[in-house]
Structures are given as C-alpha cells and as structure tokens.
K.L.:
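Have a look at this one.
Counting starts at 1 for both ligands and their atoms, in listed order.
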Amino acid sequence: MKEVTVKAPGTVANVVCGFDILGFALGEPLDTMTVRVTDTPGVTIINKDNYDLPTDAQKNVAGVALLAVLDAIKGDIKGFEIESTKVIKPGSGIGSSAASAAAAVVAANHLLGNRFTNAQLVDLAMYGEEIASGSRHADNIAPCIYGGFTLVRSHDPVDIIPIAAPPLHVTVLHPQIEIKTSEARGILKKKVAMKDAITQWANVAGLIAGLMQRDYDLISRSLTDVIVEPMRSTLIPQFKELKQASLDAGALGGGISGSGPSIFMLSRDEATANKVKQAIQSIYDKVDIDYHVYVTTISDQGVRIKT
Ligand code: HSE
C-alpha cells in the first residue's frame, strides 16, 4: 500500500494588522497524519486522537481537501485513507483546521509524484477552511505549507509571497475557552472607515518592511490593529492587561492569534520571550480559566514528510 506520514505545524494568522493576509509557521505544536492510496472510492478517515472530529469526508477539513484533490486528478486513483493524530487542539486559534487540510494535500501530492505546485495545494486546502469557518482564506494554510512568514497577496487566484523574517521568538497563550472562527468573523463590522484603512495598510506595509529589513523597532511599531482587534479582543479575558504586561516585559508586540482564543507575542530573543511568558502567567494565574503558555519560534519549515 502506498502511504506517507507528514507533520504539520500550528500557525499564527493575521499577525495583528494583516487580517486574512499574513501568517507564520510555529516551531510547535505539530500534528501527524498518514495518508494512503486506497481502492475504496472517496476519502476514509480514521481519527487516532480524542477530539472526536467528523469522519464523514464531506464534513472533515482534511476530507474535503482530499475530495478536491481526487476531483482535480480525475479518476487517476480511487481514494485516500487518512489516519490523523492531532496535537493542535481544534478551536485554539493556531490553525488547527489549516494544519489538517494542509497535511492532507501535501501528503497526497507526495503520493501523486508532486504534480501540484504549492500555490495549487493552498487552493485545494482552502476547501477545508471553507467548511471550518464559512470563508476561503489562506493566512493559516499558506505558512503551514510554505513554512516561515507568508503574505497572501491574493487567494483567488492564489498568490503567496514568502517574507524573509529575522529570528523571532513567540510566546503563545492558549486560554482553554472556545471561540468559533465563524462567530469571531461574524462580529466584525462589514465596513471600515477610510482613516482606519489608511492606518491599517500603513502598518501592514511597515511590518513587511520591518521584517525584510530586519528592523525590530519598525516591526514593533507596526504591530497595531485598529480594525479587528478592537472588536475581537473583548472575547479574550484580560486581553488588554496581557498585552501591556507583555510589552512591559520586553515583547515587540503581538495580539490575537488568528480568530483566538490564543494570543501570541513576538520577542527578539528567547530570554525575553520567557519573561513575557512569566508576565502572562502572573496574570492568568489569577483568572479562573485553565491555560497553556509556551515559547517557540517562527519555523522555516511547513508541512514536512516524515522519513
Ligand atoms: N484570518 C482568519 C480570521 C484566521 O481571523 O478569521 C482564522 O481562520
């Protein structure tokens, strides 16, 4: 039986000012998925974790992505079987659904002799995001497939720009509450004031320039969101305090990871990222919510084949 096992990283989408267009891959956590070519038509799903995700391929993010692959290859093979072991908790805000969909299409592509480009894989994996959140967006999928920091210049047609970033350490807080992406998208205003749009695209441009010029001060100044964060931050207990304490501890900046509830803070070095972790802990120890906080890096590696 032809099979391959891949590992897929968690990702941080939006990166404060770049709603639906910016994202980066995390060093951890990583999901594991084995994909096999089968003679059973369609996509068979076996979940090896306790998240109780759907096994009906039409309702499963990896399932719909592989159905799209089968559709694209027009009968060359009959079906795929997925064995999924998730570590990235669904609904945590660090790209759990994107990791599943990206893992599935990268693994399938490997089994098919790499006939799709990375941009085509992003397009196929977006079918997963569509059922997970009700909208096609690629800001988690792109870094999950490409690794590193990515800009989604366009998702239709797919145009992904890898952005060279200097070393950055990431402190991630995952409060154990659930925020559905569809709901976090639903609370957003449909219209943006021109003055806010100007501030926002200035910050997006500043952040990209800061990353490419390795200018940490410019990165820090640009990590500002006047459009999405004011609405979504109300969903995360102690958000303002967490952000201020992180900045006081030396973080360059940060905010909501994707649609939350996780938040992320960027630091220049690991020692600062650990101080940020302690600052976050000292706030969340007083809050009646279980949480997990850890330090990792931006990883150059996206979905990788396990050898
Ligand atoms: N850009 C997306 C959002 C990421 O913030 O809704 C979560 O899927």
Side-chain angles (χ1 to χ4, degrees), residues 8-26 29 31 53 60-62 64-65 86 88-105 122-146 149-156 158-161 163 170 172-175 177-190 192 196-197 200-201 203-204 207-208 223-236 239 254-264 298 302:
T11 47
V12 168
N14 301 337
V15 200
V16 185
C17 51
F19 179 68
D20 273 3
I21 62 166
L22 298 181
F24 60 78
L26 291 166
D31 280 350
L53 292 169
N60 178 292
V61 294
V64 289
K86 289 199 70 66
I88 309 168
K89 194 173 175 188
S92 55
I94 52 163
S96 183
S97 55
S100 295
V105 298
V122 168
D123 200 42
L124 292 162
M126 266 195 291
Y127 286 97
E129 290 298 57
E130 203 170 346
I131 65 158
S133 70
S135 91
R136 278 175 82 77
H137 54 272
D139 51 341
N140 286 108
I141 287 169
C144 195
I145 290 178
Y146 285 71
F149 201 110
T150 55
L151 161 67
V152 182
R153 196 206 57 81
S154 160
H155 72 272
D156 185 20
V158 173
D159 187 5
I160 308 298
I161 320 295
I163 304 293
V170 194
V172 181
L173 164 72
H174 177 200
I177 55 175
E178 200 192 340
I179 296 177
K180 287 206 163 68
T181 299
S182 51
E183 285 165 21
R185 294 180 81 83
I187 64 166
L188 300 178
K189 281 192 271 186
K190 301 286 170 276
V192 171
D196 290 339
Q200 199 82 357
W201 59 57
N203 280 316
V204 171
L207 179 55
I208 297 297
L223 287 169
T224 300
D225 173 9
V226 295
I227 293 176
V228 175
E229 185 179 288
M231 279 171 269
R232 282 189 173 171
S233 57
T234 57
L235 303 174
I236 299 167
F239 179 82
I256 305 167
S257 176
S259 57
S262 289
I263 67 158
F264 77 100
I298 295 185

K.L.:
What's the shortest distance from atom 3 (C) of ligand 1 to any protein heavy atom, and which residue and atom give it?
P.N.:
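The closest heavy atom on the protein side is Arg185 NH1, 3.2 Å.
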K.L.:
Using 0.5 Å steps for rounding, measure from the CZ atom of Phe24 to the CG atom of Leu151.
P.N.:
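Atom-to-atom, Phe24:CZ and Leu151:CG are 14.5 Å apart.
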K.L.:
Could you check if a side-chain atom of Arg136 sits within less than 4.5 angstrom of a side-chain atom of Asp123, using non-hydrogen atoms only?
P.N.:
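Of all side-chain heavy-atom pairs linking Asp123 with Arg136, at least one is under 4.5 Å.
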K.L.:
Which residue and non-hydrogen atom of the protein lie closest to atom 8 (O) of ligand 1, and at what distance in Å?
P.N.:
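I find the closest protein heavy atom is His137 NE2, 2.8 Å.
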K.L.:
Hey, what do you get for CD1 (Ile256) to CD1 (Ile236), rounding to the nearest 0.5 Å?
P.N.:
4.0 Å
K.L.:
Heavy atom under 4.0 Å from ligand 1: found in Thr181's side chain, backbone, both, or neither?
P.N.:
side chain
K.L.:
Could you tell me which atoms of ligand 1, counted from 1 in the order shown, lie closer than 4.0 angstrom to a heavy atom of Phe19?
P.N.:
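What qualifies from ligand 1 is 3 (C), 5 (O), 6 (O).
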K.L.:
I'd like to know if the side chain of Asp31 and the backbone of Ile88 have a donor-acceptor N/O pair within less than 3.5 Å.
P.N.:
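Yes, Asp31 side chain to Ile88 backbone: donor-acceptor pair under 3.5 Å.
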K.L.:
Output the list of atoms in ligand 1 that are nearer than 4.0 Å to some heavy atom of Asp20, sorted by atom number.
P.N.:
1 (N), 2 (C), 3 (C)
K.L.:
Less than 3.5 Å apart, any donor N or O on the side chain of Arg185 or Ser135 sitting next to an acceptor on the other?
P.N.:
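The answer is yes; a qualifying pair exists.
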K.L.:
Starting from atom 4 (C) of ligand 1, find the nearest protein heavy-atom neighbour and note its residue, name and distance.
P.N.:
Asn140 OD1, 3.7 Å
K.L.:
Need the ligand 1 atom indices (1-based, order shown) with element for anything under 4.0 Å from a heavy-atom of Arg232.
P.N.:
3 (C), 5 (O), 6 (O)
K.L.:
Relative to the heavy atoms of Gly258, which atoms of ligand 1 are at a distance of less than 4.0 Å?
P.N.:
5 (O)
K.L.:
Mind checking whether Asn14 contacts ligand 1 via backbone (N, CA, C, O), side chain (CB onward), both or neither, at a 4.0 Å heavy-atom cut-off?
P.N.:
side chain
K.L.:
Quiz question: by atom type and distance under 3.5 Å, do the side chains of Ser257 and Ser262 form a donor-acceptor pair?
P.N.:
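No, Ser262 and Ser257 have no side-chain donor paired with an acceptor closer than 3.5 Å.
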K.L.:
Taking all non-hydrogen atoms of both residues, which atom of Gly128 and which atom of Ala101 are closest, and how far apart?
P.N.:
CA-CB, 4.4 Å
